[in-house]
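Below is one structure, written out as structure tokens; comments come after it.
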Protein chains: 2
Amino acid sequence: MSFVQPSLSSDGTKRTFSERQEFMTEDMPASMHFHVVAGGARLFKSLPDGRRQIIGFAHKGDVLPAYPCTRYHYSAEAMRTLQVVCVPAPYMSHLHETSPGACAASLNSARQLLVSLHSRLLMLGRQTARERLATFLLGQGTRMGSSELWPVDPAISRADMADFLGLTTETVSRLLSAFHRERLISRERRAIHILDPDRLRAIVAHSE
Amino acid sequence: MSFVQPSLSSDGTKRTFSERQEFMTEDMPASMHFHVVAGGARLFKSLPDGRRQIIGFAHKGDVLPAYPCTRYHYSAEAMRTLQVVCVPAPYMSHLHETSPGACAASLNSARQLLVSLHSRLLMLGRQTARERLATFLLGQGTRMGSSELWPVDPAISRADMADFLGLTTETVSRLLSAFHRERLISRERRAIHILDPDRLRAIVAHSE
DNA sequence: CGAAACCTTGACAGAGTTCAATAGGTGTGG
DNA sequence: CCACACCTATTGAACTCTGTCAAGGTTTCG
């Protein structure tokens, strides 16, 4: 999730959470915005029976805003040691009301999020498991716009991928094995490297 | 989609589109925001092979913003005779930069959209066909927050529901028949009325 | 009234899930 | 440093929900 916003780190209180700690839950009053300074977090919604959908991942620089609701509407959990700066919601609102620049920046990042969520609706609603996984791998690999291909963050487990893609861990595992067999990716340890981005892109677009 | 914003109707050019007219496509330069004055539209993304995912529906008062991209990233089609006011993107930007109120209003509606999209990710990724349809019917029935139950807009076809819910028309049809048999809804002509919202809610939440 | 579009229903197929067993990796304590 | 336990990942086999294909039925509208 890229909800990047400039320099909030100077205000607010800094807090640190340990791996797996759920620092934001759906039933918690939404009083703070969290600005991620270091580490990573998974953001998710869950159903009462435990089914989980990962909304996105937050990395350094992202802001998890308290939306204009009384409670948060999703949960967030540290994927590894996580440092955030907590900004009180009223402070943010004040900033938005007085500084058009700050507000425009927030609006801009909210809209970029909307664009990516629209694509994910299409993915979850209409793409096959194979297409979804290929999309995910490419998204991870080309994250932050650099042309270089990054490996998938090893902190992202099969369960995370499954919950992100609306699949089961078994399906993800089987598809990764298939991709490996087809020499599209390599797997060493838990790290996944993209070997053939072009053919992955073909899988995504081969929805002709 | 509730992207409500106050009084833009006074500026910009008014335009009218006829039923089924696609007035905004994914490959069109994003130069205008459309403010819906009357009628309704379906907003969707599609894959090259024709698979379609409906992002949402736009009604009177909603604004379809040109996101900060060079092209629109979804298409929009009139569901019936549609009147919109076109606001040039640069004009909107200018407004946002100078009036904190206008920007805050846009931010607020963008964030409300984000909240609803997060729920739809959970729906498309993790809910069964039955749960999705129940959610959809309740969403239609209780739209605009009034406690009264509205019938589903007859302009929404089975294909629309299917493309909104990530299903096929056949599945939607079968489930509607099942709901009818269970006396959860009534069907007269093309109109669908909710008879038993409580049991529909139970279907949605019975994900225990 | 008749044609076209839309909707419903059935029979069958298949992608992905579920259940279950095995393998691999990681960390801890002796 | 090995052994054990635990957690995660992989693989297989059976099943099931939803999709696909096909045939009628219904509504709408010229």
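We use all heavy atoms of the structure for the numbers below, so side chains are in, but hydrogens, waters and symmetry mates are not. Every chain is numbered from 1 and lettered A, B, ... according to where its sequence line falls, protein lines coming before strand lines.
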Residues at least two apart in sequence or cross-chain that pass salt bridge (charged side-chain N to carboxylate O under 4.0 Å, His left out) with Arg199(A), listed by chain then number, are Asp196(A)

Find the distance Asp49(A):CG to dT18(C):P and express it as a whole number of Å.
-> 10 Å

Examine Phe23(B) together with Phe34(B) and report whether their ring centres are nearer than 6.0 Å.
-> yes

Rounding to a whole Å, what distance do you find between Asp163(B):CG and dC6(C):P?
-> 12 Å

Taking CG from Leu176(B) and P from dT9(C), how many angstroms apart are they, rounded to a whole number?
-> 10 Å

Ile156(B) CD1 to dT27(D) C1', straight-line distance once rounded to whole Å | 18 Å

Any Lys/Arg nitrogen of Glu26(B) or Arg52(B) sitting under 4.0 Å from an Asp/Glu carboxylate oxygen of the other?
-> no

Give a yes/no on whether any side-chain N or O of Arg190(B) is located under 4.0 angstrom from OP1 or OP2 of dC6(C).
-> no

Quick one: what's the B/S/- string for nucleotides 11-26 of chain D, heavy-atom cutoff under 4.0 Å, read 5' to 3'?
-> BBB----SSBB-----

Pair Arg51(A) + Glu131(B): basic N to acidic O under 4.0 Å = yes

Salt bridge flag under 4.0 Å for residues Arg126(A) and Asp49(B) = no

When rounded to whole Å, the NE2 to P distance for the pair His180(B) and dC7(C) reads 16 Å

Once you round it to whole Å, what is the distance between C1' of dT8(D) and CD1 of Ile192(A)?
-> 13 Å

Between C1' of dA5(C) and CD of Glu19(B), the distance in whole Å = 12 Å

Is it the case that Arg42(B) places NZ or CZ above or below the six-membered ring of Phe57(B), under 6.0 angstrom from the centre and within 45 degrees of the axis?
-> no

Ile185(B) CD1 to dC7(C) P, straight-line distance once rounded to whole Å = 13 Å

